[in-house]
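First up is the structure itself, then whatever we jot down about it.
Counting starts at 1 for both ligands and their atoms, in listed order.
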Amino acid sequence: MFYKTDRHHGLPYNPFKALVAPRPIGWISTVGADGVLNLAPYSYFNAIGDEPPMVVFSSTGYKDTVANVKATGEFVCNLVTKDLSDAMNASSAAVPDHVSEFELAGVTPVQSELVSAPRVGEAKAALECKAVKVEQLRDIDGNELNQWLVTGQVVGVYISDDALEDGRVKTAALQPLARLGYMDYSAVDEVFSLKRPGS
Ligand SMILES: Cc1cc2nc3c(=O)[nH]c(=O)nc-3n(C[C@H](O)[C@H](O)[C@H](O)COP(=O)(O)O)c2cc1C
């Protein structure tokens, strides 16, 4: 099949997110201008470079996370592992901005080293970020979209000591969670290595 995206795909559910999968989940913690702690998952999220390390996430709508980044210039991307699936999901509830999703999700805010936003204490790793850009996206015709892209530079990295073995992150043991399409997720628990040509 083939479909043009300005027409209906003809399938019972939109296949797009199932085709760009797996996607990492940035479990993003911020603090509001009013001091309320905020936490929400974003799977339109990824690393886009490592010299210096940079990340992006995108919000459909001007959500609290984006407003907080705009206000403070800072955020933390917490690693979601399989054991934290339910907490991550609970933190995606649409609640008023005076409610902290840390409480809803039952996770512990722990002070970050370099940014005002706390990290999730239960998460095995966290990227402390400073915002480089918060921009409203436009389509190919130049129309403004209800879509906001945040680019951040990672200024500090927390890794739990027990997530490391022989100086390497134990990816398969940690079981990082990935978002697929529909209501589906996958945990990364099988890893293999490939040498690049010529190396
Ligand atoms: C696994 C998962 C991934 C999500 N990814 C996104 C995303 O990439 N962009 C987005 O706008 N919302 C996404 N959501 C929905 C937000 O988490 C949800 O709207 C949340 O309430 C936003 O919180 P905030 O207003 O505190 O930022 C996702 C939800 C889940 C469960």
Which residue holds the protein heavy atom closest to atom 18 (C) of ligand 1, what is that atom called, and what is the gap in Å? S92 O, 3.5 Å

Quick one: which ligand 1 atoms are inside 4.0 Å of a heavy atom on S59? 11 (O)

closest protein heavy atom to atom 5 (N) of ligand 1 is S43 N, 2.9 Å

Check: N146/T60 side-chain N/O donor and acceptor closer than 3.5 Å: no

Could you check whether any heavy atom of Y185 sits closer than 4.0 Å to an atom of ligand 1, since that is the contact criterion I want to use? yes

Smallest heavy-atom separation, A178 atom then P22 atom, equals CB-CB, 3.4 Å

Does the side chain of D97 come within less than 4.5 Å of N68's, by heavy atoms? no

Among all the protein's non-hydrogen atoms, which is closest to atom 17 (O) of ligand 1, and how far away is it? P41 O, 2.8 Å

Among all protein heavy atoms, pick out the one at the shortest distance from atom 7 (C) of ligand 1; state its residue, atom name and that distance to 0.1 Å. Y42 CD2, 3.5 Å

Ligand 1 atoms nearer than 4.0 angstrom to some heavy atom of R179 are 1 (C)

Assert yes or no for the condition that the ring centre distance of F45 to F57 is strictly below 6.0 Å. no

Given V169, D162, V80, the one that forms side-chain contact (heavy atoms from CB on, under 4.5 Å) with K124: D162

Would you name the heavy atoms of S29 and F102 that are closest together and state the gap between them? CB-CZ, 3.8 Å

For atom 8 (O) of ligand 1, find the nearest protein heavy atom and state the residue, atom name and distance (0.1 Å precision). Y44 N, 2.8 Å

the protein heavy atom lying closest to atom 24 (P) of ligand 1 turns out to be T65 OG1, 3.6 Å

What is the ring orientation for Y13 with Y182, classed by angle as parallel under 30°, tilted 30 to 60°, or perpendicular over 60°? perpendicular

Any idea which heavy atoms bring A117 and E74 closest together, and the distance? N-OE1, 4.4 Å

The closest protein heavy-atom partner of atom 19 (O) of ligand 1 is K63 NZ, 2.9 Å

closest protein heavy atom to atom 26 (O) of ligand 1 is N38 ND2, 2.8 Å

Between Q147 and S58, do the side chains contain a donor N or O and an acceptor N or O under 3.5 Å apart? yes

Heavy-atom contacts with A93 under 4.0 Å: which atoms of ligand 1 show up? List them by number with element. 21 (O)

Pull out every atom of ligand 1 sitting under 4.0 Å from any heavy atom of E101, numbered as shown with elements. 26 (O)

